[in-house]
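Note that this is a predicted model, so its numbers are computed, not measured.
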Amino acid sequence: MADASRPDPDTLLAKVQRDEARRRRGKLKIFFGASAGVGKTYSMLLAAREKRAEGQDVVVGVVETHGRADTAALLDGLEILPQRSVDHRGTALREFDLDAALARRPALIIVDELAHTNAPGSRHPKRWNDVEELLDAGIDVYTALNVQHLESLNDVVGGITGVRVQETVPDTAFDKADEVELVDLPPDELLERLREGKVYMPAQARAAIENFFRKGNLIALRELSLRRTAERVEEQMRVYREDQGISEVWQAGELILVCIGPGELAERLVRAGRRFAAALHADWIVAYIETPQLQRLPAAERDAVMQNLRLAESLGATTVTLGAAQMSSTILDYAHEKNVTKVLLGKPTRSGWRRWLLGSVVDTVVREASDIDVYLLGGERRKPGETQVVARSRAYLGLPESEHTGAKPRWPGYAVAVAVPALCTGFGFLVSGPNELINLVMVYLLGVMLVATRSGRGPSILASVLSVAAFDFFFVPPEFTFAVSDIRYVVTFAVMLLVGVVISNLAANLRTQARVAGYREKRAASLYAISRELAAALREDEIVHAAASHIGAEFGAQCAILFPNAAGRIVYPKGESQSYSLHGADLGVAQWVFDHGRIAGRGTDTLPGADAVYFPIRGAAGPIGVLALLPSSLRRVFLPEQQRLLETFLNQTALALERVRLAQAAQSAQIKVETESLRNSLLAGISHDLRTPLSTIVGAASSLAEEPERLSPDAQRELARTIYDEGQRMATLANNILDMARLDAGAVTLKLDWVPLEEIVGGVLTRLRARLERRPVRIDLPKDAPLVRLDAVLIEQVLVNLVENALKYTPAGTAIDISAKFVPDAVTVTVADEGPGIPPGLEEKLFDKFYRASPERAQSGVGLGLTICRAIVEAHGGTIRAENRSPHGAVFRFTLPRDEAPPALESEDAQPKPS
Amino acid sequence: MSEAKTVIVVIEDDPQIRRFLRTGLESHGFQIQEAETGGQGLAEAANRKPDLVILDLGLPDIDGVEVVRKIREWSALPVIVLSARATETDKVAALDAGADDYLTKPFGMSELLARIRVALRHAQGLAQDKGGVFAVANLKVDLAHRRIQVDGAEVHLTPIEYRLLAVLVKHAGRVLTHRQLLKEVWGPGYVERSHYLRVHMAGLRHKLEADPARPRFLLTEAGVGYRLSAE
């Protein structure tokens with residue numbers, strides 16, 4: 001089918017997202033050159049002036065003219081941003097002012113020398129970090145770079161020129177640039193310019209620079225820069241063709257695996273891997289296989305490995321650390337699992353007979369890898385000691401120069417190693433006979449094995465040797481000498497020794513493996529624990545507590561999770577501090593992390609001067625918060641496995657937080673929907689309930705108004721009466737609705753007074769006097785009832801509503817009972833009737849808004865009376881309930897709390913006398 | 001000789017209410033002057049020298065309470081305020097400022113007429129019959145001799161209760177706010193201690209009413225005050 005040529009929808013989506021992000025981001029144009037003096041700054045300024053002439057807003061951030069007049073002339077007329085002065089050890093350094101540039105927000109800014117290192121105390125350690133931030137803010141940038149500053153080419157250029165430059169820019173920054181313009185100058189012309197004095201040369205470095213500017217060097221550098229630029233162009237072409245669906249370009253199904261070990265070769269392997277991967281347009285993985293043996297390396301070497309892994313990541317690789325017993329089989333298994341096509345290894349370190357005897361990883365891999373290409377990298381012996389990169393990374397992480405491994409005291413092991421052969425010898429004496437030497441050998445072997453399993457390699461070798469010696473001395477004829485009568489015993493000795501060594505090796509490996517497995521298991525267990533706790537958490541503070549306590553425990557750190565306030569500014573968390581809490585987190589750094597979604601703080605590229613490390617917590621919908629972590633040891637945070645663990649923790653936390661927030665949002669959306677539907681039913685209800693009395697009024701009034709002479713005086717009076725009654729009904733309805741609206745809006749401010757209940761009841765009866773005419777009302781209030789603190793108007797309303805309900809829903813002539821009962825801390829008022837009662841199961845529903853017992857009945861109101869009662873009673877801190885009484889009838893009971901005693905009155909004598 | 005008709009000034013901005021007031025009151029023999037705004041109403045009251053003013057509290061130009069105050073600056077003529085139901089505070093404010101009584105919309109004609117009658121009687125000093133005896137239902141109060149009788153039987157009141165009753169009788173038929181009662185019976189320092197008032201009112205009810213929980217004449221107006229019914 002022709003579908004093969006259609007771009008895959010997922011890649012298209014990724015492209016759209018990329019384009020989207022790219023549009024928002026500023027555009028980076030790099031003026032790239034083979035060396036200093038080719039004219040990069042000059043070209044850059046020319047381009048800037050052109051843009052300015054087109055009307056764009058161009059600002060010069062920082063430009064090094066090196067005193068050259070013609071370059072300086074190009075600055076004429078361009079707006080130059082003042083530089084920042086940084087005080088460093090007494091001298092004032094001038095640095096590019098990033099914050100001023102962000103505040104100024106030009107359309108295009110010129111920032112020279114991309115590889116420059118910023119003065120200490122700057123927000124970022126390197127200028128290319130500053131440029132990233134400018135691009136993130138949507139500002140276009142022009143910058144300049146020499147080929148020797150590229151990380152991946154740094155060593156090659158060093159090899160060519162003999163000068164290895166300190167300041168480097170990672171290749172990812174170069175590859176992500178939107179445009180790279182190669183400023184090319186043939187070497188002869190460059191040398192000409194040098195002679196004419198047009199190239200910058202500080203006096204001290206004259207000799208070195210002249211050395212650098214040899215023609216051979218220049219040619220090589222030119223070739224490097226041309227080739228690197230061509231690589232970029234080819235990559236662009238590939239992306240373009242992919243986007244357009246032109247798939248005849250072969251899909252780079254290549255995947256390269258680079259295996260590094262703890263040697264000095266590792267760094268070269270990584271850089272070579274990058275070049276290899278770039279040349280093949282392939283993705284690449286850098287793996288470090290850690291066997292139990294390698295686990296025992298001193299910390300310095302393990303740190304070196306870690307730094308090489310970080311270098312690999314900065315060059316664009318995926319890194320992985322695998323722990324296994326057997327290096328070669330692990331490499332092959334992993335390669336097959338990931339469908340690796342090419343493997344890059346270092347040349348074997350062992351040679352000659354040792355290689356033949358003990359085998360080498362390389363040989364095994366080469367032999368067993370049937371369908372995978374294996375490439376071997378030769379190593380020149382480098383200077384011993386740490387490489388430059390490693391030294392830089394170490395400084396980054398703030399690690400000490402070397403660390404001692406905590407050596408466990410080994411003396412008990414050696415003591416055991418001496419004791420056991422002695423024991424065996426003793427045992428031998430007990431049971432020996434001349435023909436049982438074979439058994440004795442077994443006994444000694446058993447002893448060696450026991451020592452090996454318990455005490456490690458050194459003691460077990462000692463035990464082997466001692467066993468052999470003891471066996472020889474005490475048991476092998478001639479006894480009590482070290483001479484051996486039968487030469488075959490030499491074989492026995494050799495085998496015993498060998499067995500001891502092999503078993504002790506095995507045991508040591510097993511122990512280490514067990515330890516590694518233990519670490520893994522611990523990590524998995526802690527991941528499980530946090531997942532479980534997060535899944536069970538229902539509230540945000542529970543989630544934060546679970547996450548922070550687990551992270552603190554796992555990484556040995558003080559931590560704090562910070563969230564933004566409504567305005568998007570990070571604030572300190574409220575709530576009590578816990579044992580794991582970090583105090584005094586730097587809100588400025590946290591805000592930067594939240595805004596940019598990248599790690600910052602100690603050990604990172606941004607604001608490395610901060611004490612703690614700050615991680616963004618991102619959910620699917622965007623940044624949620626920031627984790628501030630103050631670890632006791634940076635390694636516990638930055639080891640690749642630990643980083644992945646932390647990332648997983650943070651992802652889990654973000655998921656849990658989002659879940660809770662979404663649940664809340666769903667709930668409030670639900671409430672909104674319900675409110676909407678309530679509102680609609682209110683409108684429907686009101687519409688009906690107002691139109692009914694209105695139609696009566698209008699109808700009756702129209703009869704009276706239009707043809708009064710047709711009606712008898714009695715008929716007229718009756719119509720008038722109807723109009724009056726319906727008007728009253730509408731008034732009640734309107735009052736109820738208004739009350740409910742007021743209560744809903746939360747405008748219930750109680751005007752509390754000390755009131756006798758009797759007075760309220762009296763008020764109610766007075767108000768409803770007319771309607772209560774033909775109904776017996778029985779009042780039962782205790783004598784000498786104390787005053788109750790309540791809002792008289794509102795509680796009277798409650799009683800009116802209850803009594804009106806009784807009037808509406810019970811047959812004429814039946815009695816209504818009003819009573820009250822006092823207990824020490826409350827008072828309960830009851831309104832009961834003798835009507836049909838409440839249908840069972842509806843006792844609570846009655847209090848719902850707009851609930852009506854019989855909606856069709858003309859007299860029922862809009863269904864708010866009881867809701868209003870409940871709102872008022874609850875505003876007093878009380879409760880209201882409905883139930884049935886026997887033999888039949890409804891009972892409405894509401895309780896009001898009595899928190900204080902009523903105030904005492906002064907005796908009458910103390911009160912003012914009547915005049 | 002034609003009887004001078006009682007003149008009532010109606011200050012009300014809603015034309016329908018004005019119409020119904022005019023129709024109803026004129027049919028009872030009152031002469032009505034209408035005013036649409038507070039300013040107009042004050043002018044009418046000053047010029048026409050009415051016997052009574054009916055004032056709506058929700059006027060467009062001046063606050064109703066302010067109108068009451070202004071009238072009280074130069075006259076003691078009875079003022080009845082009409083208010084929509086919202087809260088009690090505006091009614092209480094109007095009463096404290098000097099209004100004689102109030103009515104809550106919607107109201108019926110008979111209620112209005114009852115209030116008007118009471119207000120006019122007080123204005124004309126006819127609240128009690130000669131001899132200073134006041135009677136309603138089965139209660140008889142003789143202020144001159146300090147004698148109170150219920151169903152003919154004498155009732156003994158404490159000094160405070162008596163004073164309270166006396167104030168109520170003096171204003172019989174009209175509503176009195178808590179504040180007014182506290183000030184008159186106890187003094188200005190007691191205006192915030194409404195529980196005194198309530199306790200003593202309860203006491204009065206128990207002593208004078210047949211069923212204190214269903215008062216016949218000692219009526220409570222929730223949130224506003226008390227009224228001794230005159231009929």
I'd like to know whether [atom1] of [X] has more than 12 heavy-atom contacts from other residues, nucleotides or ligands below 6.0 angstrom.
{"X": "Arg898(A)", "atom1": "CZ", "value": "yes"}
{"X": "Glu192(B)", "atom1": "CD", "value": "no"}
{"X": "Arg72(B)", "atom1": "CZ", "value": "yes"}
{"X": "Arg885(A)", "atom1": "CZ", "value": "yes"}
{"X": "Glu26(B)", "atom1": "CD", "value": "yes"}

- [ ] Could you have a look at Glu759(A), Lys751(A), Glu758(A) and say which one has the most heavy-atom pairs with chain B under 4.5 angstrom?
- [x] Glu759(A)
Task: Residue among Val755(A), Thr766(A), Asp791(A), Ile795(A) with most heavy-atom pairs under 4.5 Å to chain B - done: Val755(A)
Open item on the list: What residues of residues 203-210 of chain B make heavy-atom contacts with chain A at a cutoff under 4.5 angstrom?
Closed with: Arg205(B), His206(B)
TODO: Could you look at Leu787(A) and say if it's the side chain, the backbone, both or neither that has a heavy atom under 4.5 Å from chain B?
DONE: side chain
Open item on the list: Which atoms of Glu796(A) are under 4.5 Å from chain B, going by heavy atoms: the side chain, the backbone, both sets, or neither?
Closed with: side chain
Task: Nearest atoms (heavy-atom pairs only) where Asp753(A) meets Ser194(B) - done: OD1-OG, 3.0 Å
TODO: For residues His195(B) and Trp754(A), report the shortest heavy-atom separation together with the two atoms involved.
DONE: CB-CB, 3.8 Å
Under 3.5 Å donor-acceptor pairs involving side-chain atoms of residues 214-224 of chain B, not counting sequence neighbours:
residue: Arg214(B); atom: NH1; partner: Val777(A); partner atom: O; Å: 3.4
residue: Arg216(B); atom: NH1; partner: Glu231(B); partner atom: O; Å: 3.1
residue: Arg216(B); atom: NH2; partner: Glu231(B); partner atom: O; Å: 3.3
residue: Glu221(B); atom: OE1; partner: Tyr102(B); partner atom: OH; Å: 2.4
residue: Glu221(B); atom: OE1; partner: Arg227(B); partner atom: NH2; Å: 3.3
residue: Glu221(B); atom: OE2; partner: Arg227(B); partner atom: NE; Å: 2.9
residue: Glu221(B); atom: OE2; partner: Arg227(B); partner atom: NH2; Å: 3.2

TODO: With a 4.5 angstrom heavy-atom cut-off, could you sort out which part of Tyr226(B) is near chain A: side chain, backbone, both or neither?
DONE: side chain
